[in-house]
A.B. asks: 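This is the structure I have questions about; it appears just below.
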Number of protein chains: 2
Amino acid sequence: MNTAVSRNEAEPRKESVSCPMDFILRMLMGPWTTYILYNLKTHGPQRFGELKRRVSGISAKMLTERLRTLEGAGLLRRDYEATIPPKVTYSLTKRGHELDDVLGRLAEVGMRWEAEDAAQRALRAMELKAAE
Amino acid sequence: MNTAVSRNEAEPRKESVSCPMDFILRMLMGPWTTYILYNLKTHGPQRFGELKRRVSGISAKMLTERLRTLEGAGLLRRDYEATIPPKVTYSLTKRGHELDDVLGRLAEVGMRWEAEDAAQRALRAMELKAAE
DNA sequence: TCCTAAGGTTACGAATTGGTACCTACTGGC
DNA sequence: GCCAGTAGGTACCAATTCGTAACCTTAGGA
């Protein structure tokens, strides 16, 4: 989280309340992280350049750093072939796939809220029109 | 997302892949956010000072900012009584409670991983001893 | 008269973050 | 010869972030 994010993900923050989901959220929270996981999940294993093109706007530095972090957390695997030019393929590990379910539910909740908000906005717009 | 974290949560990042869980993760990812939600969930509605004492280490500024963000997202409610001294109570909204399930699962996965890692470490330690 | 308490807000400053530009090494195409 | 593409690494620079300290209100207590 990290937090955003913006804290060192290894530092356990002195353990005030001991929230078990903190680590995992701190992992997911990193910028771009969900985009990367989402892409790997839906498009399968991909090479660095492919991923960079899909997650448009990300810098190579960021992508590298995120991939290293996710690899370190065991969420994805990095296969390096020392050909010329080199070929590096990233794919989700078993652990990475274990997040599919949770992330799916999270997405579900997010989409429901989005839909509810849209409905609310539409309702309010209609009320405004009716009031004219 | 924190996030990061570290991005403005309102900015939709130009929508490259349109990941539906991005918004919600960007919300949860903020530093301290899970601690706050966890506390409100387990200890019920609380006043500002109480919360600050429980989430030890957080600064008043951070707590205020996080609470405002969560309130803006509709995850918690802020009840202000203009007594002297003022009394402000925070509690989870219906939406806030909708996260209970997902966060519970996330915590479950996190704890399973932790346990697995601990088992791995124990195994390796035993192997080291056996190799002596 | 000064201090405490509540729940903040504001200004300042240091640390982190993430983008840009440039570097590697090697091959293929023009 | 020069440029592109592959997968990065490194240095620098600007912006953001978060903590600290100070300040606000008002009432009551020493």
Side-chain angles (χ1 to χ4, degrees), chain A residues 1-11 13-14 16 26-27 29-36 39-40 45-72 76-91, chain B residues 1-11 13-14 16 26-27 29-36 39-40 45-72 76-91:
Chain A
M1 154 223 242
N2 16 205
T3 188
V5 138
S6 47
R7 271 233 181 198
N8 191 328
E9 11 236 309
E11 177 190 331
R13 208 206 299 282
K14 232 170 274 174
S16 55
R26 208 164 300 291
M27 179 61 44
M29 92 186 184
W32 307 102
T33 308
T34 55
Y35 289 100
I36 295 168
N39 260 294
L40 283 175
Q46 277 165 87
R47 299 183 56 182
F48 184 89
E50 214 174 338
L51 211 47
K52 183 167 179 330
R53 249 166 279 129
R54 281 241 174 71
V55 185
S56 77
I58 195 172
S59 70
K61 179 185 167 187
M62 246 294 95
L63 184 53
T64 300
E65 190 263 344
R66 288 286 92 199
L67 289 172
R68 289 294 134 82
T69 302
L70 291 172
E71 189 197 355
L76 52 82
R77 183 175 27 252
R78 178 173 187 267
D79 297 309
Y80 178 79
E81 285 179 58
T83 53
I84 303 283
K87 184 173 176 179
V88 183
T89 309
Y90 295 91
S91 53
Chain B
M1 101 196 349
N2 0 62
T3 86
V5 268
S6 46
R7 273 238 178 191
N8 191 329
E9 11 236 311
E11 177 190 333
R13 207 207 298 283
K14 230 170 277 175
S16 55
R26 208 163 299 290
M27 180 62 42
M29 93 187 185
W32 307 101
T33 309
T34 55
Y35 289 100
I36 295 168
N39 259 296
L40 284 175
Q46 277 165 88
R47 299 183 56 183
F48 184 89
E50 214 174 337
L51 211 46
K52 183 167 179 331
R53 250 166 277 128
R54 281 241 173 70
V55 184
S56 77
I58 195 172
S59 70
K61 179 186 166 187
M62 247 292 98
L63 184 52
T64 301
E65 189 263 344
R66 288 286 93 199
L67 289 171
R68 289 292 135 80
T69 302
L70 291 172
E71 189 197 355
L76 52 82
R77 181 174 28 251
R78 179 174 187 266
D79 297 310
Y80 178 79
E81 287 179 56
T83 54
I84 300 287
K87 183 173 176 179
V88 183
T89 309
Y90 295 92
S91 52

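Model, not experiment: these values are computed from the prediction. Sequence lines set the chain letters: A, B, ... in the order given, protein chains first and strands last, and positions in each chain run from 1. All values below were derived from every heavy atom in this structure, side-chain atoms included, with hydrogens, water molecules and symmetry-related copies excluded.
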A.B. asks: What is the distance from OH of Tyr80(B) to P of dG7(C), rounded to the nearest Å?
C.D. replies: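 Distance check: Tyr80(B) OH to dG7(C) P gives 10 Å.
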A.B. asks: Using only side-chain N and O atoms of Trp32(B), determine if any of them is under 4.0 Å from OP1 or OP2 of dG19(D).
C.D. replies: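 Yes, such a contact exists.
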A.B. asks: Going by heavy atoms in the side chains, are Val55(A) and Leu63(A) under 4.5 Å from each other?
C.D. replies: no
A.B. asks: Quick one: is Arg47(B) getting a side-chain N or O under 4.0 Å of the dA6(C) phosphate, OP1 or OP2?
C.D. replies: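 The answer is no; no side-chain N or O of Arg47(B) sits under 4.0 Å from OP1 or OP2.
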A.B. asks: In whole angstroms, how far is the P atom of dG5(D) from the NZ atom of Lys52(A)?
C.D. replies: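 Rounding to the nearest Å, NZ of Lys52(A) and P of dG5(D) are 12 Å apart.
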A.B. asks: Apply side-chain contact (heavy atoms from CB on, under 4.5 Å) to Pro45(B) and list each qualifying residue two or more places apart in sequence or on a separate chain.
C.D. replies: Thr89(B), Ser91(B)
A.B. asks: If you only use heavy atoms from C-beta on, which nucleotide in dG8(C), dG8(D), dT20(D) is closest to the side chain of Ser59(B)?
C.D. replies: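 Within the option list, the nearest is dT20(D).
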A.B. asks: Using five pairs at either end of the helix from dT1(C)-dA30(D) to dC30(C)-dG1(D), determine the angle between the two local helix axes and round it to 10 degrees.
C.D. replies: 40°
A.B. asks: Checking Ile36(B) against Tyr90(B) for the side-chain contact (heavy atoms from CB on, under 4.5 Å) test, could you report, in this order, the C-alpha distance in whole Å, the side-chain angles of both residues, the deciding distance, and whether it holds?
C.D. replies: CA-CA 10 Å; Ile36(B) 295 168; Tyr90(B) 295 92; over 6 Å; no
A.B. asks: Mind checking side-chain hydrogen bond (donor to acceptor under 3.5 Å, both in side chains) for Arg68(A) and listing every partner two or more places apart, or none if nothing turns up?
C.D. replies: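 side-chain hydrogen bond (donor to acceptor under 3.5 Å, both in side chains) list for Arg68(A), sorted by chain: empty.
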A.B. asks: To the side chain of Phe48(B), which of dG8(D), dG7(C), dG19(C) is closest?
C.D. replies: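 The closest nucleotide is dG7(C).
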A.B. asks: Rounding to a whole Å, what distance do you find between Met62(A):CE and dT20(C):P?
C.D. replies: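 Spelled out: CE on Met62(A) to P on dT20(C) is 12 Å.
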A.B. asks: Could you check if a side-chain atom of Thr33(A) sits within less than 4.5 angstrom of a side-chain atom of Thr69(A), using non-hydrogen atoms only?
C.D. replies: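 Contact flag for Thr33(A)/Thr69(A) side chains = no.
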A.B. asks: Whether Arg68(A) contacts dA7(D) is assessed here as follows: a side-chain N or O lying under 4.0 Å from the phosphate OP1 or OP2. Is that the case?
C.D. replies: no
A.B. asks: Checking Arg53(A) now: which residues fulfil side-chain hydrogen bond (donor to acceptor under 3.5 Å, both in side chains) with it, not counting sequence neighbours?
C.D. replies: none
A.B. asks: What integer distance in Å separates Leu67(A):CG from dG9(D):P?
C.D. replies: 11 Å
A.B. asks: Rounded to the nearest Å, what distance is computed from the CD1 atom of residue Ile58(A) to the P atom of nucleotide dG19(C)?
C.D. replies: 7 Å
A.B. asks: One character per nucleotide, please: for nucleotides 22-30 of chain D, 5' to 3', B when the base has a protein heavy atom closer than 4.0 Å, S when only the sugar-phosphate does, - otherwise.
C.D. replies: ----BS---
A.B. asks: Do Tyr35(B) and Ile58(B) have side chains that approach each other closer than 4.5 Å (heavy atoms only, starting at C-beta)?
C.D. replies: no
A.B. asks: Given atom CD of Glu50(B) and atom C1' of dA6(C), what is their separation to the nearest angstrom?
C.D. replies: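 For the pair Glu50(B) CD and dA6(C) C1', the rounded distance is 13 Å.
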A.B. asks: Sub-3.5 Å donor-acceptor pair from the side chain of Gln46(A) to the main-chain atoms of Arg54(A), do we have one?
C.D. replies: no
A.B. asks: Report the residues that fulfil side-chain contact (heavy atoms from CB on, under 4.5 Å) with Pro85(B), sequence neighbours left out, ordered by chain and then residue number.
C.D. replies: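 Checked Pro85(B) against side-chain contact (heavy atoms from CB on, under 4.5 Å); zero matches.
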A.B. asks: Where the side chain of Lys61(A) is defined as all heavy atoms beyond and including C-beta, which of dG7(C), dG8(D), dA11(D) is the nearest nucleotide?
C.D. replies: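 Of the candidates, dA11(D) comes closest.
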A.B. asks: Of the candidate nucleotides dC18(D), dT9(C), dT10(D), which contains the atom at the shortest distance from the side chain of Pro31(B)?
C.D. replies: dC18(D)
A.B. asks: Send over the distance from Glu65(A) CD to dT20(C) P, rounded to a whole Å.
C.D. replies: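 Checked: the CD to P distance equals 16 Å.
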A.B. asks: Search all heavy atoms of Arg66(B) against all heavy atoms of Met27(B) and return the closest pair with its distance.
C.D. replies: NH1-O, 4.1 Å
A.B. asks: Side-chain N or O of Arg66(A) versus OP1/OP2 of dT17(C): is the shortest distance under 4.0 Å?
C.D. replies: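 For dT17(C), neither OP1 nor OP2 has a side-chain N or O of Arg66(A) closer than 4.0 Å.
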A.B. asks: Between dG5(D) atom C1' and Leu51(A) atom CG, what is the distance in whole Å?
C.D. replies: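 To the nearest whole Å, that distance equals 17 Å.
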A.B. asks: Given dG8(D), dG8(C), dG19(C), which nucleotide is nearest the side-chain atoms of Arg78(B)?
C.D. replies: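 So the nucleotide nearest the side chain must be dG8(C).
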